[in-house]
Structure formats: C-alpha cells, structure tokens
Amino acid sequence: MNSYNELPKVYSPQDFEDRIYQNWCDKGYFTPDVNNPAPAFTVVIPPPNVTGQLHMGHALDETLQDILVRYKRMQGFNTLWVPGTDHAGIATQIKVEEQLRVNEGLTRYDLGRDAFLERVWDWKHQYGSRIISQLKKLGASCDWSRERFTMDEGCSKAVREVFVNLYDKGLIYRGNRIINWCPHCITALSDAEVEYSEQDGYFWHIKYPIKGEDGFVEVATTRPETMFGDTAVAVNPNDEATKHLIGKTLILPIVNREIPVVADDYVEIGFGTGCVKITPAHDPNDFLVGQRHNLEQIKVMNDDATMNGFAGKYEGMDRYACRKALVADLEAEGYIIKTVPHKHNVGSCYRCGTTVEPLTSNQWFVKMEPLAKPALEVVRDGTVKFVPERFSKIYVNWMENVHDWCISRQLWWGHRIPAFYCTECGEMTVSKTDIDKCPKCQGKVTQENDVLDTWFSSALWPFSTLGFPEKTAELEKYYPTSALVTGYDIIFFWVARMIFSGLEHMGKEPFNTVFIHGLVRDAQGRKMSKSLGNGIDPLEIIRKYGADALRYALATGNSPGNDMRFSDEKIEAARNFANKLWNASRFVRMNLTIDEIKLPSADKLAAEDKWILDKFNSLCAEVTSSLDKYEVGVALASIYDFTWDVFCDWYIELTKARLNEKETEGNIIAQNVLAYVLTGTLKLLHPFIPFITEEIYQSLPHTDESIMISEYPKFDSALTFTADSENMTKVIAAIKAIRARRNEMNVPPSRKAKVYVATRYTDAFNDSSKVFFARLASASDVEIADSFEGVISADDAVQIITDSATIFLPLSDIIDTEKELARLTGEEKKLIGEIERLEKKLSNEGFVAKAPAAVVEGEKAKLAKYRENLEGVKIALAKLRS
RNA sequence: GGAGGCAUAGCUCAGUUGGUUAGAGUACUUGCUUGACAUGCAAGGGGUCGCAGAUUCGAGUUCUGCUGUCUCCACCA
C-alpha cells in the first residue's frame, strides 16, 4: 500500500473546501513575486460595492476570472489578480441614510457632513469585509495582500492626481449645463446613470393666446408643469403653416407672462402642431434652442422636484401634483384643446428608480472629445480586443457619440472634488493637496462640497491599484493588465472610462482583452431581481452543493457575451459530475500500490493504454486552445466528455482485468497509466473546480505541494499514438464489438450468451481482454479467432457486423427473436438509406471532381463498409425468418 | 429611428475555419443491487437546425430578404 490517504466514501465538499482554501492562503500561493521574470498575467477584479452581498452575477464574474487566473498561473505566468471593493457613492450613502432613518429617525442633515461620513466609514468597516469573505468561499485566488478600496489612501491620491492633471489640461471644467437630476438622491447624474423605459402618458394640447390678437397658438406637451419655465415658442422658419407667427408675442396662460415666437430648425415640420414650447432650464433640446436665441433660463423646481416660486400658486407642490392641478385649472379656463394618450420614454435614476428631471445646474464635467479619440483608436486597431468581437461595435458607437461626462455629485460619500474657493477674493484653486489659504490673497478657502462620480475612481482601478501615481515595480510589471472580465451591462460605466483614463494617464491601454459575459437569469429566463424575489443566493448553493458545483454550473455551457440560465437541474448535474470524479478517483486510489507515477516506455503499454493516453493528449490541446479563446464552456465540455465517457466508462472498465491481477507487470503499468491520466485530468479541471481537484490530488502520488502550483498539462508529441493506427483500431474494434453485442440484446447481464468474435485484430482480444469483453458484453464465454469457418455460421447464429469484427451469437442463446428481428430490420433500413445517399453523392461528378481527395476517399470507404454490413444483416435476417 | 443578439430534440443549450448518419445535459421508454459511483450502469425513442431565396460539388454553418423574440443606444415637443 502506498503512503497517501484514502478518499472518504462520500463526496462531501463541506468537509474540505474551507480547509483547502485556508491552506492555499497560508502557503501564499495567491501572492506573486513581482521580481519573477516570467511574463505577467494580470487581472483586476471589477470591484464589488463595499456594501454589497455576493449575488449570482458576481459568482459568474469571479468564477470566470478565477478560471483564467488559475489556468495562467499553472502555465507558469507571473500571475496577479488584484481584489478590492468600490465605495459605490450613491448606493452606499442611500443604505446608510436608510439605516439612520429607521434606527434613529434622523437624516444626514441632522448629523452634518462630518458626523455622517463617520457613520458611513463605520458601516464600511463593519460590512466591507463581508463580500470579501464571500469571494473566498467561492475559491477566488486573489492576492489578498493587495486588497484595495476605491477610497483608500492610494486610490484617493490617484484620483487627486488625475483630477488636477485633467483640470490643468482643460479637460475638466465647471459650467452651467443641462444635466439629469435625481430628486430622490438629490444629485446630478451622468447620462449613463439614467435608464429609459416606455411609459403611458398624455399629450396635452394647450392654447397659448397671441398678444394683441384673438387667435392662439396650439402647443402640445407631455410635461405641462414645465410651462412656468417657458421662455419662447419655436416654429420652423421654413414651415408655411406657422411662418406668420414668427416674431409675435404670446401670453403664457395662468402665468400671464409674455414670450416670443422664435424660428428654429429644431422644430420638425409636420410633426405635432408645428409649435414647440421652449423650456431652456428643463429640457436638453430646449436648452440648445435657448442658447441660440439668447432666451432666459427659468428653473421652476426645487432640488426635490417640488415647484418653486416661479410656479406661483402651485409653489411647494410636487411636480406631479402640480401637473394634475395645473391641467385641471387649464381645463377649467378653456386652455386645453385636447388630451391625447401617448407612450413616451421616461428616464429614471439607475439607483433609486425615481424619474429624473432634466435641469440646468452648475456642475463639473470631463471634456470627452479629446479623450474619446485615442480610446476609439485602440479598439479600432485591435490593441484592445473585445471577446466576443461584437461588443467592440457597441463600444465604438457609444464612444463616437459620447457627451461630456458630468462628474460632480451632490453627495457626501465619495472623493470630494479638490477645488478650493477663496472666501475673500473668490478665486478657485484646484490642488493635489489640501490647502487652507488662497494662493492669491492668502484668504481663507473652503473646499467644493460636491464629490466625484463613483465611476471616476473606478476608471483608474487598473493603475491606481498598482501604485499610480508612484512609478512602482508593480506598475512596471503588471500594467497593462491582461484581461478584464465583466458583464456587458457596465461597458459604458466602466470599461469605456478605464480605456480613456488608462490611455490618458498611463499612456497605455489598461488591458489587452475585454472578456464580456452575459447575465445569470433564473430558470424561466427572467433577470434575477430583488423586486421579483427570484434571486438565487450563491452562498446557499455553496452550502448545499459546494463551491465547485456552483463554479461548474456557471462555467458549463457558458459562451462569451451570452446570458445563461441557472436552474436546479444545472446545479445537480454539476454536483453529479463532481461526485462521479470523486468516485472514479476513489476507485483508482483503492487500486494503487505505487508511490510515484511513472509512465512505462511505449512498447510496454497495452493498446488501451495508448488509446487513453492519445485521447488525453488531444484533450490537452483542445482545452488549452479553447481557454486561450475564452471558450470556457467549450473547454469544460471537452473535459467532461473525456472524464465521464472515455475515462470512466471505457478506460477504467478496460483496466479492471489487469487490476485484478496482483503484482504483475501489467498491473503496475495499468496503475501508472490510470494515475497519470487521472492526475492530468485533475489538473485540467483544477481552474474550474479547484477544491475537489486539490483534495483528490493530495490523495494520489504527487510531486508538487499543491495542484494549484503544478504545471498545466499541455500537448506532448511523445504521447501521440494516432500514427499507431493498428493499436488504435484494436481498441476501437473492441469497443464497437462490445457495443454491438450490448445493443443486440437488452437483457439482464445474468442472462449470458456465448460470443464468437471473428476479427483480424485477434490480439486486441487476448486472454486478459477476454475477461473485460465477457464482463462488458455480458458473455458467458468468449471465443476469438480470425475466422470461425466450420465452427459457427449464419446458419446457427445471429451475426453482428462491425467494421472491424464479426460477432456470432448462437441462435440457441437468443432470447427474443422478435426483438432481434426488429433490430435487424431497422438496421437494414438505415443501411439501405445510407448506401443510396452515398451512391448518389459519389455519382455526382461535381463532388468527385471538386471535393478534396480525402473527403471523396472517406465517402468511398464508408460506402464499401455499409455494403459489407448490409450483406451480413441480410443473411442474419434470412436466417431468423426461416 | 439606429444597432445588435437569439431562433437546433419535450425543456435548457453546445455545434471553432462549410465536409462522417447534427451533439450534450435533463426529461421519457426499457433492462440492471455489474467489484468507484442509483448523485450510478447499459440500451432506446425523439430534430424537414424559424421561413424563403442565393452562393457552392456540398450549408445548422456564408450572403440577402422575411417572421418571431430579447437587448442596447438615440429620441419629436
């Protein structure tokens, strides 16, 4: 007996996953040496929100990253996976405010800025490690010694550096522009943070009386409450129907304010009434019209979307209450011409869902045009590749049309904008370090109250985490990073901004490949969401099935960019695979007496050994090629097929005869090949299911301390036996013969029949192989010869013809003649059909002339084989019928 | 309005550059306490690959159009 531990009878992941993870951490396997000269492979984690809890989206994202990272690490790359969390401005602030409200009945204003921020930090310290420990449960091999937070000292320094540099270059400016305002979060939002959805609404057609005339102009609006901010009505200068109105003055109903009719191309001829009310302070298009015509901007709402003084008697009402009251009043006074139901797109805040209000406001912006240009270039020229390719189009399209990025938020939690205003002279100073005196007049300064968009710091993540703005060894070694793994839902928020930021501040793209995955949906294909309550908790799955099963379920069938469904069946199938692997390993382990694995020379290998080694070898080539293309699901499917169908169902069965022999050379060879192939398979599987593979690895003879630092199997030309076609054919012949025999009679193995195998590969069925043939084909006795002429013939036996052997089953042993007759008839029909098809194909001159010779030859050989088989089937049928 | 994805077995999905009789999981039928595994073993049924054309000796795979479906972007008050 060898010196390694036996495996427990039952696969119980809960018993070893935590222990193994702890050991990996203790050994420091996740922490690379920056001085290791091997080429780098670097991934930065998409930092989860610090307040968040692990959900299926994270689980998928982290699993895919860990697969790549473990794979590359085993291939010998200097591999670094940087973990960390995001301060998630709005999301976190909302959570803490909510807690404050529920527990103490206070608002953040009650506490004041500093005290409130202390509360948020408390929250961060209390819950910030929660998601990290959940990532560990999954098996993520991040370098925890480099864990970062977007508001830690280093990241804050990077933010300051970048902000000031951009400001100095004129790429950050402050200005009064129309922005998206969330009245619930009380802050400005960027365009990307607004989600549009179609809603039912109305077009209210309203009369705007013409000053000094009897007539009126008819305008239509979906938002009548903005009327208080109207400063013009616009018509198209080329519209004959409205031309006469240009220059006239209108009286705004209710308000009784005078506004001009202006001419502007923006108005589309033939759409609606041809007259558009212009509210420069509350509509992006109107804002532009207002600029062209020098119109006054009148903001009619407060920050919380209640009406302000400009709304007159409606002051203080919520915008929708005002809308209702105003429409009623307009109706009463005869200003409403008609009300038409209308579906339109309404924007809402991506954090709280409140309908956003477009309004003018003094905010900070990043000037996008100069930054977008190089960011487009690197994607167009392939320096940054998207997987799958199609997402580069989405990216390019967005980047080409991007507007300036509103980066200021009226929140407290976040990076406070490093602009300082002098209370004496009013001078604004932007500075990398805090200042308390105005550099101009030495007067007192106060810092800008606004903080930066969370995504401003996320955009710097690939280099801020590696030490920027310092020129560190880490930056030198690990930047640009290798692959960024994320969902398509944050391409605009994050990926795009990292690309232009990396180019601008590092002079180099932040990563070479963007590997995009889809969403994890529920079993019915619905998005998992809190409101639907259909979310599946990954931690629950881990508790029940183990982290490996979860990872397997997420990786299997995964194809880049596509959504996937998560279901009970999927996780059960995953667990079953792990269980199968466990039991196969247990069987191999039980039969091992060797202490080290050493493949014997090729001449000592049995035919089936060469067969499995050859299959394993091509598997290695397939898997590495798939993984290099980010085809995680395809790679895993190949290993699954090999493990279950080839290794377990055939090879293990084929070795049982030799395993039953004690202390023979054949036994030792079988042990070595079994252990070699199993160990190799475990290594191939390790990136996908790290825990079980490590647990099994430790119970088999091994040289590396851990499977995760062993070498990933690669194609080895010494283990290619395809050229040895005789040998390969023997095994395949045996398998086919066994299949044919099984197929013939679906009866209990206890009812055995004698089997005669006539084959030209007689040595594939040598004495020891007879044993497995007898077992696998449930034969009472097996006779093997190149011919049975004179012993048994079609007269007294059923013949089964394969391309490498003819099998005779004595008629006396056939149990169900009916069944056999049906089987053969079906076989005959199939063969006739195939022969017809091939004859037609081969008589097609075009095919014979133009198709590659190998294809034509293959078809010819197939036809010959089918004809031969058909003969045999016909004889057998005739015999049975007689 | 613009862009893109998807459409293959009852269900969920693979199918890499066009070339065996289109695969897997699951479900279903049948038979199995076969020396690790019933979370298993063996055998089987089930698909005109959404529709219509085109290219080709050959199309699930390439091209065009159509239908259905989902998503993203923009947005005309």
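When reading the values below, keep in mind they use all heavy atoms of this one structure, side chains included, and skip hydrogens, waters and symmetry mates. In what follows, chains carry the letters A, B, and so on, assigned in the order in which the sequence lines appear, proteins first and then strands, with residues in each chain numbered from 1.
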- Note on the structure: The salt bridge (Lys or Arg N to Asp or Glu O under 4.0 Å) partners of A/R526 (sequence neighbours excluded) come to A/D522
Looking at residues at least two apart in the chain, or sitting in another chain, which of them share a side-chain hydrogen bond (donor to acceptor under 3.5 Å, both in side chains) with [X]?
{"X": "A/Y651", "result": "A/D609"}
{"X": "A/T226", "result": "A/K277"}
{"X": "A/E389", "result": "A/S392"}
{"X": "A/E839", "result": "A/R867"}

- Message: My validator wants the stems of RNA chain B: runs of 3 or more consecutive Watson-Crick or G-U pairs, both distances under 3.5 Å, written as range with range.
- Response: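 Stems (3+ consecutive pairs) listed as B:1-7 with B:67-73, B:10-13 with B:23-26, B:28-32 with B:40-44, B:50-54 with B:62-66.
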Interface polar pairs with nucleotides 9-13 of chain B, N/O, under 3.5 angstrom:
residue : atom : partner : partner atom : Å
B/U12   : O3'  : A/R565  : NE           : 3.2
B/C13   : OP1  : A/R565  : NE           : 3.1

Taking ring-ring contact (aromatic ring centres under 6.0 Å, His included) as the test, write out the residues that go with [X], two or more places apart.
{"X": "A/F688", "value": "none"}
{"X": "A/W582", "value": "A/Y11, A/F16"}
{"X": "A/Y545", "value": "none"}

- Message: I need the residues from residues 222-229 of chain A with at least one non-hydrogen atom less than 4.0 Å from RNA chain B; give them sorted by number, or say none.
- Response: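 Within residues 222-229 of chain A, the residues near RNA chain B are A/T222.
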Tabulate protein N/O versus nucleotide N/O from nucleotides 38-40 of chain B, keeping only pairs under 3.5 Å, one per line.
residue : atom : partner : partner atom : Å
B/U39   : O4'  : A/N576  : OD1          : 3.0
B/U39   : O2'  : A/N579  : ND2          : 2.6
B/U39   : O2   : A/R575  : NE           : 3.2
B/U39   : O2   : A/N579  : ND2          : 3.4
B/G40   : OP1  : A/N576  : ND2          : 3.3
B/G40   : O3'  : A/K580  : NZ           : 3.2

